[in-house]
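Quick caveat: nothing in here was measured; it's all calculated off a predicted structure.
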Amino acid sequence: MIQKKNIIIIMHKPMPGSIVLWIFLIVGIIIILVFWSVYRKSRDGSRHISNPEKIRLVIFLGIALISAIYTIFTLPKNPYFSYAEKLPDKVILVEARMFNWNLSGPVDDIRPGDVVEFRVTSSDVNHGFGLYNPEGIIIAQVQAMPGYENRLRVRFEKPGNYTILCMEYCGAAHSYMSGKISVR
């Protein structure tokens with residue numbers, strides 16, 4: 001815990017990816033069981049299944065099957081799991097304040113392949129920390145909020161000058177709020 005200008009910032013360690021995955025799967029199974037229970041209780045008690053009940057059952061099983069297939073193929077590709085448990089190569093502290101980004105850390109000492117953790121906060125209002133690659137395509141974003149520190153991990157794949165832009169309107173000079181990070 002850090003106390004800074006009468007603001008207490010509580011820093012937390014992110015949960016390991018395997019714990020997040022298990023929580024997600026358990027909650028998904030609970031949701032499916034609740035829907036199955038509601039379906040079973042909605043029947044009138046006879047063994048005969050009417051056409052509307054058959055249609056509901058087919059739709060439910062179809063949605064459950066599609067959701068399971070989608071989860072199996074997409075969840076492992078989530079970038080969070082790629083480097084959530086590994087310590088970052090570099091840590092950059094980012095403080096947003098009206099119309100500029102205050103970056104502390106190895107801003108000019110980042111190499112391609114480095115995992116960089118940005119610890120983003122704000123000293124005044126909400127800002128949007130948007131990170132753009134050298135081609136101008138957004139690669140990551142997180143909110144900068146007063147009194148709270150958000151952590152964002154990014155793997156820089158190629159060299160170049162990366163741009164930081166504010167993604168949330170913060171005042172009259174919002175469009176001039178930018179920063180640079182060099183990857184060499």
Side-chain angles (χ1 to χ4, degrees), residues 9-92 94 110-122 126-145 147-158 160 162-168 181 183:
I9 300 172
I10 300 173
M11 299 191 319
H12 57 87
K13 182 180 174 191
M15 282 194 291
S18 58
I19 293 173
V20 173
L21 178 62
W22 280 109
I23 290 171
F24 177 80
L25 292 176
I26 290 168
V27 168
I29 290 169
I30 290 170
I31 290 171
I32 289 172
L33 292 175
V34 166
F35 275 96
W36 181 256
S37 172
V38 169
Y39 165 74
R40 296 289 295 166
K41 288 180 181 177
S42 69
R43 296 190 56 210
D44 61 5
S46 68
R47 289 214 169 278
H48 179 335
I49 299 176
S50 66
N51 281 342
E53 288 176 334
K54 286 179 186 176
I55 292 171
R56 265 193 295 176
L57 179 60
V58 168
I59 289 172
F60 171 75
L61 292 175
I63 290 172
L65 181 65
I66 290 169
S67 297
I69 291 170
Y70 180 78
T71 301
I72 288 167
F73 284 107
T74 60
L75 196 59
K77 295 180 181 178
N78 185 332
Y80 178 78
F81 300 117
S82 301
Y83 44 83
E85 294 175 7
K86 177 184 179 263
L87 290 176
D89 298 314
K90 305 208 172 27
V91 174
I92 296 178
V94 180
I110 301 171
R111 307 278 177 246
D114 282 353
V115 174
V116 177
E117 180 174 278
F118 294 95
R119 296 180 182 174
V120 183
T121 189
S122 171
N126 279 1
H127 297 275
F129 177 85
L131 185 62
Y132 294 79
N133 69 12
E135 290 82 33
I137 299 170
I138 189 165
I139 58 170
Q141 68 94 20
V142 71
Q143 285 290 303
M145 300 179 291
Y148 187 79
E149 180 181 80
N150 278 315
R151 294 179 181 206
L152 173 69
R153 289 190 181 175
V154 177
R155 181 184 310 275
F156 289 91
E157 298 297 335
K158 50 187 165 180
Y162 289 73
T163 305
I164 300 168
L165 296 175
C166 184
M167 298 181 66
E168 184 152 336
I181 293 178
V183 177

- Pairwise distance CD(E149) to CZ(F118) - rounded to 0.5 angstrom: 13.0 Å
- Quick one: are R151 and R119 in side-chain contact, heavy atoms under 4.5 Å? yes
- Message: Please report the interatomic distance CD(E117) to NZ(K90), rounded to the nearest 0.5 Å.
- Response: 13.5 Å
- Do the non-hydrogen side-chain atoms of Y162 and N133 ever get within less than 4.5 Å of each other? yes
- Task: Report the distance from atom NE2 of H127 to atom OG1 of T121, rounding to the nearest 0.5 Å.
- Result: 9.5 Å
- Between T163 and L131, is there a donor-acceptor pair closer than 3.5 Å when you use the side chain of the first and the backbone of the second? no
- Taking C-beta and beyond as the side chain, do M167 and I138 meet within less than 4.5 Å on heavy atoms? yes
- Task: Determine whether I110 and I92 make a side-chain contact, defined as any pair of heavy atoms from C-beta on separated by less than 4.5 Å.
- Result: yes
- Message: Going by side-chain hydrogen bond (donor to acceptor under 3.5 Å, both in side chains), name the residues that satisfy it together with S67, two or more places apart in sequence or in a different chain.
- Response: none
- What distance do F129 atom CZ and L165 atom CG have between them, rounded to the nearest 0.5 Å? 10.0 Å
- Is there a donor-acceptor contact under 3.5 Å from the side chain of D114 to the main chain of D89? no
- Closest non-hydrogen atom pair, G160 against P134: CA-CG, 3.8 Å
- Message: Rounded at 0.5 Å granularity, tell me how far OH in Y132 sits from CD1 in I139.
- Response: 11.0 Å
- Task: Write down the atom of V183, the atom of P112, and the distance for their closest heavy-atom approach.
- Result: CG1-N, 3.6 Å
- If you round to the nearest 0.5 Å, how far is CD1 of I30 from CD1 of I26? 7.0 Å
- Note on the structure: What one should report as the nearest heavy-atom pair of N150 and M145 is ND2-CE, 3.3 Å
